Amino acid sequence: MKGKKNIILWLLIQIPVIIHLFVLDKFSINFPFEDGHRVFFDFSYNYLNAQNIGEKITLFLTPDNESRPFLIRISLLTQLALFDKINFRYLLFAFNIYTFILAAVFIKRYWKNPYLVIISFFSLLSLCNWELFFRPDVASYQLATISLSILSFSLISNVNNGSSFFKNFIILICLFLVPFGSAIGFITVFFVIIYTFIRKSDLRWYYILALFIFQLYLYFSFGTDGVSSGSFVENVCKYKFELIWAYFLSLGGMFQYISNYTNYAVSGVLGLLIFTACSWYFFKHRKEKDLDFEKLVFLFMASSLGIIVLSRYNYWVIGYESVLVSRYKIYGVIILILTVSFL
């Protein structure tokens with residue numbers, strides 16, 4: 001890809017980037033949105049008023065819902081240490097580093113296919129994913145986990161890039177951090193353990209297993225907060241096949257622009273077709289190492305969305321809208337990009 005074609009590609013890539021940065025600059029404000037008050041203010045108040053270092057450590061490790069949001073708290077404490085105040089606008093700009101990590105991975109992966117790079121950028125930076133990029137709380141945990149997970153998959157599966165201490169160090173750092181943004185990061189670590197075992201990677205699987213055990217210790221050694229989004233088993237028993245349709249509806253959520261039964265049907269059918277096409281292609285080419293990155297990303301995104309649907313269906317919002325919120329659409333968007341990459 002050289003000359004004029006290269007220039008045109010870069011110009012087209014700039015369109016969603018410019019729109020993204022314009023919206024970020026124009027509409028981001030220094031004010032907590034939705035869960036921002038609880039996530040940022042409650043923790044900072046309790047932390048700053050702790051009596052000793054022991055209380056501060058305990059507060060830092062205290063669970064929030066199902067997660068241990070260490071990444072959020074590190075970011076918050078860093079800003080407090082530097083500026084002695086919380087500024088949500090600055091936090092949002094900082095958290096969007098994860099956005100460009102995610103975009104950079106797809107550029108590197110699909111650089112030889114200019115049309116796929118363009119599709120990836122327009123899809124990833126689509127405003128249907130607005131919560132992921134423009135809510136400080138969501139960007140600091142969910143976007144962080146997704147971006148660092150996909151970066152880990154890119155590095156661990158890149159057989160053309162020889163192993164090195166620095167590369168393995170970056171992978172281990174990413175793997176350590178991913179569950180402490182969102183709990184779905186444990187899925188990332190699990191799949192990397194399986195992958196390194198099967199592929200006999202230079203980064204030995206038992207190192208990652210030891211890391212996984214340490215993460216579980218940190219997660220469960222400080223109790224729970226007594227808040228649950230609902231038992232998986234309870235939801236399965238209560239909603240049964242409704243959950244299956246909710247899954248495909250959520251996967252096709254990027255096509256949902258109007259909330260009515262017709263659009264539910266269209267989104268659900270498209271989600272089913274995308275999932276089926278992607279699954280079939282991976283099964284057919286399951287032995288090809290060149291597609292290891294896509295396989296890992298697909299397994300992660302599909303599994304994560306499944307857990308989200310099981311735990312969040314009818315949680316706060318009643319009905320299918322509960323799994324069609326903006327921050328969940330990224331899972332279907334990335335699976336769609338993978339499906340398009342096979343064409």
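Keep in mind that this is a model prediction, so the values were computed, not measured.
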Item to check | By ring pair (Phe, Tyr, Trp, His ring centres under 6.0 Å) - contacts of F88 (at least two apart) | outcome: F40, F41
Checklist entry - So, S182 versus T145: side-chain donor-acceptor pair below 3.5 Å or not? => result no
Does the plane of the ring in [X] sit parallel, tilted or perpendicular to the ring in [Y]? Use 30° and 60° as the thresholds.
{"X": "Y47", "Y": "F43", "value": "tilted"}
{"X": "Y110", "Y": "F106", "value": "tilted"}
{"X": "Y219", "Y": "F186", "value": "perpendicular"}

Checklist entry - CD1/I208 to CG/L203 distance, rounded to the nearest 0.5 angstrom? => result 4.0 Å
Item to check | Value rounded to 0.5 Å, distance of OG in S322 from CD1 in I308 | outcome: 11.5 Å
Name all residues meeting the side chain to side chain donor-acceptor pair (under 3.5 Å) criterion together with [X]; count only those two or more places apart in sequence or in a different chain, and write none if there are none.
{"X": "S250", "result": "none"}
{"X": "D25", "result": "R89"}
{"X": "E242", "result": "Y313"}

Taking [Y] as the starting point, is it possible to reach [X] by hopping between hydrophobic residues whose side chains are less than 4.5 Å apart?
{"X": "I330", "Y": "I97", "result": "yes"}
{"X": "F31", "Y": "F133", "result": "no"}
{"X": "L77", "Y": "L82", "result": "no"}
{"X": "F22", "Y": "L24", "result": "yes"}
{"X": "I213", "Y": "I194", "result": "yes"}

Donor-acceptor pairs under 3.5 angstrom involving side-chain atoms of residues 280-288: please list them, not counting sequence neighbours.
{"residue": "H285", "atom": "ND1", "partner": "Y281", "partner atom": "O", "Å": "3.0"}
{"residue": "R286", "atom": "NH1", "partner": "F283", "partner atom": "O", "Å": "2.6"}

Next on the checklist: Is the distance between the ring centroids of Y141 and F95 under 6.0 Å?
Outcome noted: no
Whether over 12 other heavy atoms sit under 6.0 Å from [X] [atom1]:
{"X": "D84", "atom1": "CG", "answer": "no"}
{"X": "F342", "atom1": "CZ", "answer": "yes"}
{"X": "F169", "atom1": "CZ", "answer": "no"}

Looking at [Y], is its backbone amide N or carbonyl O close enough to the side chain of [X] to form a donor-acceptor pair, meaning the two atoms are under 3.5 Å apart?
{"X": "E294", "Y": "D292", "result": "no"}
{"X": "S126", "Y": "F122", "result": "no"}
{"X": "N87", "Y": "Y90", "result": "yes"}
{"X": "D202", "Y": "S164", "result": "no"}
{"X": "S341", "Y": "L338", "result": "yes"}
{"X": "N96", "Y": "L92", "result": "yes"}
{"X": "S154", "Y": "I150", "result": "no"}
{"X": "Q215", "Y": "L175", "result": "yes"}

Taking C-beta and beyond as the side chain, do [X] and [Y] meet within less than 4.5 Å on heavy atoms?
{"X": "F275", "Y": "T339", "answer": "no"}
{"X": "R135", "Y": "W130", "answer": "yes"}
{"X": "N129", "Y": "L124", "answer": "no"}
{"X": "V105", "Y": "F153", "answer": "no"}
{"X": "L91", "Y": "S140", "answer": "no"}
{"X": "L251", "Y": "V309", "answer": "no"}
{"X": "S44", "Y": "L80", "answer": "yes"}
{"X": "I156", "Y": "L296", "answer": "yes"}

Heavy-atom closest pair, residues [X] and [Y]:
{"X": "I86", "Y": "Q79", "answer": "CA-OE1, 3.2 Å"}
{"X": "N158", "Y": "K167", "answer": "O-NZ, 3.4 Å"}
{"X": "L71", "Y": "A144", "answer": "CD1-CB, 3.9 Å"}
{"X": "A50", "Y": "L59", "answer": "CB-CD1, 4.0 Å"}
{"X": "S152", "Y": "I171", "answer": "OG-O, 4.3 Å"}
{"X": "G268", "Y": "F248", "answer": "O-CB, 3.7 Å"}

Next on the checklist: ring-ring contact (aromatic ring centres under 6.0 Å, His included) for Y331 and F300? Distances and angles first, verdict last.
Outcome noted: CA-CA 9 Å; Y331 299 96; F300 169 70; 7.1 Å; no
Next on the checklist: Exactly one of S304, S149, S303 should register a side-chain hydrogen bond (donor to acceptor under 3.5 Å, both in side chains) with T188. Which one does?
Outcome noted: S149
Checklist entry - With sequence neighbours left out, what residues match R327 under salt bridge (Lys or Arg N to Asp or Glu O under 4.0 Å)? => result E131
Checklist outcome for this item: Tested for ring pair (Phe, Tyr, Trp, His ring centres under 6.0 Å) against F180, the lone hit among F70, F60, F214 is F70
